[in-house]
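Numbers restart at 1 for each chain; the letters A, B, ... are given by sequence-line order, proteins then strands. FYI, side chains are in, hydrogens and waters are out, and symmetry mates aren't considered; it's all heavy atoms of this structure.
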Protein chains: 2
Amino acid sequence: MKPKLTLKKIAKELEVSISTVSKALRDSPEIGEETREKIKAFAKHYNYKPNNIALSLKNRKTKTIGIIIPEIVHHFFTTVISGVEKVANEMGYNVLVCLSDNSFDKEVLNMEMLANGSTDGFILSLAKETMQKGDYHHLVEAINQGMPLVLFDRVVEDISCDKVIIDDVTGGKKATQHLIDIGCKKIALISTVDYVSVGKLRTKGYKEALEENGIPFDEDLVLRIEKMEDSESEIEQFLMDKAIDGVFGVNEHFAISAIKTIKDQGKKVPEDVSVIGFTDGELSKRFIPSLTTISQHGMRIGEESARLLIEKLERTPSEEEYYKTIIVETGLVIRKSTKSKK
Amino acid sequence: MKPKLTLKKIAKELEVSISTVSKALRDSPEIGEETREKIKAFAKHYNYKPNNIALSLKNRKTKTIGIIIPEIVHHFFTTVISGVEKVANEMGYNVLVCLSDNSFDKEVLNMEMLANGSTDGFILSLAKETMQKGDYHHLVEAINQGMPLVLFDRVVEDISCDKVIIDDVTGGKKATQHLIDIGCKKIALISTVDYVSVGKLRTKGYKEALEENGIPFDEDLVLRIEKMEDSESEIEQFLMDKAIDGVFGVNEHFAISAIKTIKDQGKKVPEDVSVIGFTDGELSKRFIPSLTTISQHGMRIGEESARLLIEKLERTPSEEEYYKTIIVETGLVIRKSTKSKK
DNA sequence: TACTGCGACGAAAACGTTTTCGTGTTGAAA
DNA sequence: TTTCAACACGAAAACGTTTTCGTCGCAGTA
């Protein structure tokens, strides 16, 4: 085990000064051709690589960005990471991944860990607990310390920073419109309680689509689920003997539970009832019938977030502050859980 | 935006020397009580946090570990990360995640990036391309430089380092045995080509189980798939009109494709044919019928890997070298795609 | 009074870089 | 011969810590 080669060792070996070595390796014209070549040859031969930590300390940049997500065992987040990684790598950045586990405390802890020099900036999706609590002091602090921050997906209005979100209203509208387009008249909505912003917005899209098509909104066709754990049984009860021909579930989970229930009742999907979901995962793709869904393009969200962050990191500090919010379009992925157009 | 507080600034502000501040904050008895308290109060009030990068440089440890995986959009790897994160955090380590995309070059690149001071050690699962190529010089180099390395899941024999694997043979055997236990006589195997070690080992388990139960091995009942892309059609052809009552797919994908095909042929799962898979993801859980499967306990693999790595990192260098291989037991998760015991 | 010891603090080196600012040598111009 | 620029290189500071080794003043002892 050879201890890593440093400038100092090269200098000693070649009997020149450290500065000469540094300059030679960076092709400075200050150094005579002969010496330069000698040093470069030596460095190459012994595979010298500058120490990142020293560079970070010197330059006051780490060239790594931190991403904090509520959970990783979740297809959406994993695609986001993938997107972040991709553009980060292209730009010469590393990615530090932290998990908040949806806990406020872990989120704060993670930010503190990373804020002390480990990263140049953050990409973050808020923990559920944080949103409930409404305590965002850690975000404000980070920003005040000059740490750029990009919020994605689960964002909060009153923090001024870059944001990347999807248009949930339009997404909900798209979903509902598709059901209408294929001839559904009585469309049930399985959503979350309103304080989960995502559910609220998608519900709004649902209403808008109905209205635009002159279909009256019927509260009886809407189920708002509070706890994920109870969702299956609640959906079962809700759907029991309901005269409907379409269901819009605001996530994969709800949509699939709906399909199960409908099948259990002896009805057919999509012949009798069409079902559409939100979020596109492996499950949607391979379920039987495969699920028509609104896709969130997690990859693009990740890419845009990383781009936004790096842009902030690399701009000269003189430029004035400005914050963008990028809205990533949702897509309609038509599969087998909805009828074809009549 | 206040620029970060440093020891130097505190020292200046309080008109003492840097060393005094440092010592005071670390509760050195060298410093008089009065000064100590004053400094600590000041630091607390202005929320001083030592700069990690400077500490890393000084201590020659970064307190972060790198994990390089072939792909992140994959339930198994994502649970592994989750496990690594968990114990890493408990031990005060950060986790740098890199993706090799199953490419040899990206894997090498990633290792080089991380090896230059960014991390104290690696946790790695080999890229497919790397295994095919059989070129492991980058691993050897890292080890030679004193970088501890833990290989998991996709490991290679001839590198001497810690390893965490599952017992694929026993796993394959368990799966097959379960089919036999519930009364299956003609069990098809859908595996990969033999140079993918995972497929080979699980196949071995399959054979062993048959043998132990006095069932003759029949090459006609085995399908070896080369390319994932073609798997669906190959499975369809293979299963066409085959007289079988059980199928063991060496991954989730194969098992689910098998179920689809079998259903399409008008047979019922599990009444006519029982199907078992390998790896436990969301898909297995929520498919109809939900999939009986051999679970890999990715979480535990991640935890063990991290523990192994950190153990290496924190042991005193005087201790002698030794390498462990931890085998994480597979589990049988019985769901609806296999009959109950007769 | 002179010496010892100790309490309380500071100076400086070290980690590995980059960069600014010398400085010594050479050759040519004056 | 003197002067000066150009060239080639080295010294040192800086990034933010920790730690070793002084050093200074003062009290206690002989």
Could you check how far [atom1] of [X] sits from [atom2] of [N], rounded to whole Å?
{"X": "B:I53", "N": "C:dA14", "atom1": "CD1", "atom2": "C1'", "value": "17 Å"}
{"X": "B:L5", "N": "D:dC15", "atom1": "CG", "atom2": "P", "value": "14 Å"}
{"X": "B:K8", "N": "D:dT18", "atom1": "NZ", "atom2": "C1'", "value": "15 Å"}
{"X": "B:I18", "N": "C:dC15", "atom1": "CD1", "atom2": "P", "value": "18 Å"}
{"X": "A:D27", "N": "C:dT19", "atom1": "CG", "atom2": "P", "value": "13 Å"}
{"X": "B:I10", "N": "D:dT17", "atom1": "CD1", "atom2": "P", "value": "8 Å"}
{"X": "A:K61", "N": "D:dA14", "atom1": "NZ", "atom2": "P", "value": "21 Å"}
{"X": "B:K4", "N": "D:dG16", "atom1": "NZ", "atom2": "P", "value": "11 Å"}

Is it true that atom OH of A:Y46 has more than 12 heavy atoms of other residues, nucleotides or ligands lying nearer than 6.0 Å?
no
Is the number of heavy atoms from other residues, nucleotides or ligands under 6.0 Å of A:E314 CD greater than 12?
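Counting other residues, nucleotides and ligands, CD of A:E314 exceeds 12 neighbours.
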Where each residue is assigned the nucleotide of DNA chain D containing its nearest heavy atom, which of B:K58 and B:K23 is assigned the position nearer the 5′ end?
B:K58
Phosphate oxygens OP1/OP2 of [N]: is one of them under 4.0 Å from a side-chain N or O of [X]?
{"X": "A:R26", "N": "C:dT17", "result": "no"}
{"X": "B:R36", "N": "C:dC9", "result": "no"}
{"X": "B:Y48", "N": "D:dG16", "result": "no"}

Show the nearest heavy-atom pair for residues [X] and [Y], with the distance to one decimal.
{"X": "A:N52", "Y": "B:S118", "result": "ND2-OG, 3.1 Å"}
{"X": "B:V155", "Y": "B:M131", "result": "O-CE, 3.6 Å"}
{"X": "B:S28", "Y": "B:R36", "result": "O-NE, 3.9 Å"}
{"X": "A:E85", "Y": "B:V97", "result": "OE2-O, 2.8 Å"}

Let me know, please, whether B:A54 or B:V16 comes out on the 5' side of the other along DNA chain C by nearest nucleotide.
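Its nearest nucleotide being more 5', the pick is B:V16.
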Within the 4.0 Å heavy-atom criterion, would you say B:T35 contacts the bases, only the backbone, or no part of the nucleic acid?
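Touches sugar-phosphate only.
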Using a heavy-atom cut-off of under 4.0 Å over every strand shown, decide if A:L55 touches base, sugar-phosphate, or nothing.
sugar-phosphate
Looking at A:E129 and A:K106, is any side-chain nitrogen of the basic one under 4.0 Å from a carboxylate oxygen of the acidic one?
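A:E129 and A:K106: not salt-bridged.
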Among [options], find the nucleotide with the atom closest to the side chain of [X].
{"X": "B:S22", "options": "C:dG16, C:dG22, D:dT19", "result": "D:dT19"}
{"X": "B:N51", "options": "D:dT17, C:dG10, D:dT19", "result": "D:dT17"}
{"X": "B:R60", "options": "D:dG10, C:dC15, D:dG16", "result": "C:dC15"}

On the side chain of A:S19, is there an atom forming a donor-acceptor pair with the base of D:dA11 - under 3.5 Å, no angle test?
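Side chain to base: pair found, below 3.5 Å.
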For the helix from C:dT1-D:dA30 to C:dA30-D:dT1, figure out the bend between the end axes, five pairs an end, and round to 10 degrees.
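Axis-to-axis angle, ends of the helix: 90°.
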Please work out which of the three classes, parallel, tilted or perpendicular, describes the rings of B:F76 and B:H74, given edges at 30° and 60°.
perpendicular
